[in-house]
Amino acid sequence: MTIDVPTSRRSLPQLQPVSFIGADGQPTDVPTEGLSIPSDRTLLGLYQKMVQVRRFEAQVTHLTRQGRLATYPSAAGQEAIEVGATTALAPNDWLFPTYRDSASLLTRGVPVTEILSAFRGDWHCGFDPNEYHTSPAATPLATQTLHATGFAMAAKLKGTDACTLTFLGDGASSEGDTHEALNFASVWQTPTVFVLANNQYAISTPLREQSNATMLADRAAGYGMPGIRVDGNDIAAVFAAVTAALERGRNGEGPTLIECLTYRMESHTNSDDPTKYRDAEEVEHWKQFDPIDRLEKHLRSAGVLDDSTAAEITASAKELATSVRDAMNTDAEVDPRELFAHVYANPRANLVAQRDKLEAELAEAGRS
């Protein structure tokens, strides 16, 4: 008896990460899984966004060290994933980010003040999800994978062509929520793209102590979905892979898991000391694969980027950093009554009592 095995179950991702542009800025000879490199015009736009995002990340990290923000998890070094994946989304697609994906929010068009209000402690989510088709950034590991899958299922049932994209890290890929999300997405063929940013560490736990798999993209085969492994520091590869995955989802071909190999250059958050679990030589090694440097080399080699254009891009990044400083130097106007405004449609009696007590205290203090 011959058993027909679906193609998605027969094929495994290639071990060599898909890459168009090498660390030296030159084209690679790596098989590209049928993907197409973006145009030079698209790559120039992606380069500008990455430069702005890196300046944003640096400025926010400085502000955190100055005590202007409570905490911040930097994505420095991972700009190709953040910018490449988010830029590939259509306006009606939905993004489901994590706490480390502020750069994706910036790329999606969320104002800096609204991105950072949560890190300053002003709001749980500082922006309107419906306005930007972006969910609140998830802090609990992997919960956003379930939200992305459920939302995609709803879109499918409604007959819309909206896809969802969610980011997760290598550590989050071992969570039970991720298993449930991947399994559900594959069974029901939801238009969901799972972008797994493998930055080598789950806080302080290295990848070798998290999984014995040859590569995390292998997990896709176990769920019966396509998996692809890309160089997460090559934005051309990230953009191409996500664009193709979104097209699959829109065509009713179900979900895709994309593992993006990268490295977390900064600490896990400002409260973390990475010197306790990795050495300086390792960090220096990864610097040679910097996503911005390689794309700049490529664009200059192709005659697309010159000194004048590069200076304009740098200036725009500085302007963005200034806007971040100005926003964080302005005290937020926080109304404590908002604590009760977005909890229940029909407030419970104990919350009503607490709200009334607060109202009385505010009135007594002349803040009514």
Side-chain angles (χ1 to χ4, degrees), residues 46 49-50 52-61 64 69 71-89 93-120 123-127 129 131-149 151 163-173 175 177-178 181 192-203 232-233 235 238-239 241-242 246 257-270 291 320 324:
L46 293 172
K49 290 179 182 179
M50 282 201 295
Q52 291 174 334
V53 160
R54 176 160 296 180
R55 189 66 182 84
F56 169 83
E57 292 283 347
Q59 184 61 71
V60 176
T61 298
T64 306
L69 300 170
T71 186
Y72 189 72
S74 174
Q78 301 180 204
E79 295 90 355
I81 301 174
E82 300 282 323
V83 173
T86 306
T87 304
L89 292 169
D93 292 333
W94 272 74
L95 173 66
F96 289 79
T98 75
Y99 57 88
R100 195 176 299 283
D101 300 319
S102 294
S104 69
L105 299 180
L106 186 67
T107 304
R108 195 66 166 155
V110 182
V112 293
T113 305
E114 297 180 18
I115 293 174
L116 298 175
S117 62
F119 293 108
R120 192 161 66 170
W123 277 79
H124 291 298
C125 176
F127 59 90
E131 182 176 355
Y132 302 102
H133 284 207
T134 300
S135 78
T139 298
L141 285 184
T143 55
Q144 75 284 351
T145 61
L146 294 170
H147 303 157
T149 303
F151 196 102
C163 294
T164 62
L165 183 147
T166 183
F167 291 108
L168 66 153
D170 45 287
S173 71
E175 292 286 323
D177 283 359
T178 300
T192 312
V193 179
F194 298 89
V195 177
L196 198 171
N198 180 358
N199 65 14
Q200 313 304 311
Y201 287 94
I203 306 182
N233 285 1
I235 196 167
V238 175
F239 181 84
V242 173
L246 290 168
L257 173 64
I258 303 173
E259 178 189 4
C260 300
L261 289 178
T262 187
Y263 192 77
R264 192 192 75 220
M265 300 304 296
E266 297 286 345
S267 57
H268 176 69
T269 68
N270 55 296
L320 175 63
V324 173

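Keep in mind that this is a model prediction, so the values were computed, not measured. Heads up: numbering here begins at 1 and tracks the sequence.
A donor-acceptor contact under 3.5 angstrom links the side chains of T262 and N233, judged on distance only. Counted by atom type alone, H268 and R100 present one or more donor-acceptor pairs between their side chains at under 3.5 Å. If you check the side chains of D170 and Q200, you find no donor sitting under 3.5 Å from an acceptor. Under 3.5 Å, the side chains of N270 and T64 contain no donor-acceptor pair of N or O atoms.
Using a 4.5 Å cut-off on side-chain heavy atoms (C-beta onward), C260 and V195 make contact. Using a 4.5 Å cut-off on side-chain heavy atoms (C-beta onward), F194 and T149 make contact. With a 4.5 Å cut-off on side-chain heavy atoms, P291 and I235 do not count as touching. You'll find the side chain of E114 reaches within 4.5 Å of the side chain of Y132, heavy atoms only. The shortest side-chain heavy-atom distance between N199 and Q78 falls under the 4.5 Å cut-off. With contacts defined as side-chain heavy-atom distances shorter than 4.5 Å, the pair T164/V193 does not qualify. Within the 4.5 Å cutoff, the side chain of L165 has no heavy atoms near those of the D93 side chain.
Proximity of a side-chain donor or acceptor of E82 to a complementary backbone N or O of S104 within less than 3.5 Å is detected.
The side chain to side chain donor-acceptor pair (under 3.5 Å) search around S173 returns R219, not counting sequence neighbours. Every residue two or more places apart in sequence or in another chain was checked for a ring pair (Phe, Tyr, Trp, His ring centres under 6.0 Å) with F127, and none qualifies. Residues passing the side chain to side chain donor-acceptor pair (under 3.5 Å) test with T139, sequence neighbours excluded: none.
The distance from atom CD1 of I203 to atom CZ of R264, rounded to the nearest 0.5 Å, is 8.5 Å. Of the inter-residue distances, the one linking E259 atom CD with L196 atom CG reads 6.0 Å to the nearest 0.5 angstrom.
Ring orientation note: the planes of H147 and F96 are tilted relative to one another, at an angle of 30° to 60°. A parallel orientation is assigned to the rings of H133 and W94, their planes being inclined by less than 30° (bins at 30° and 60°).
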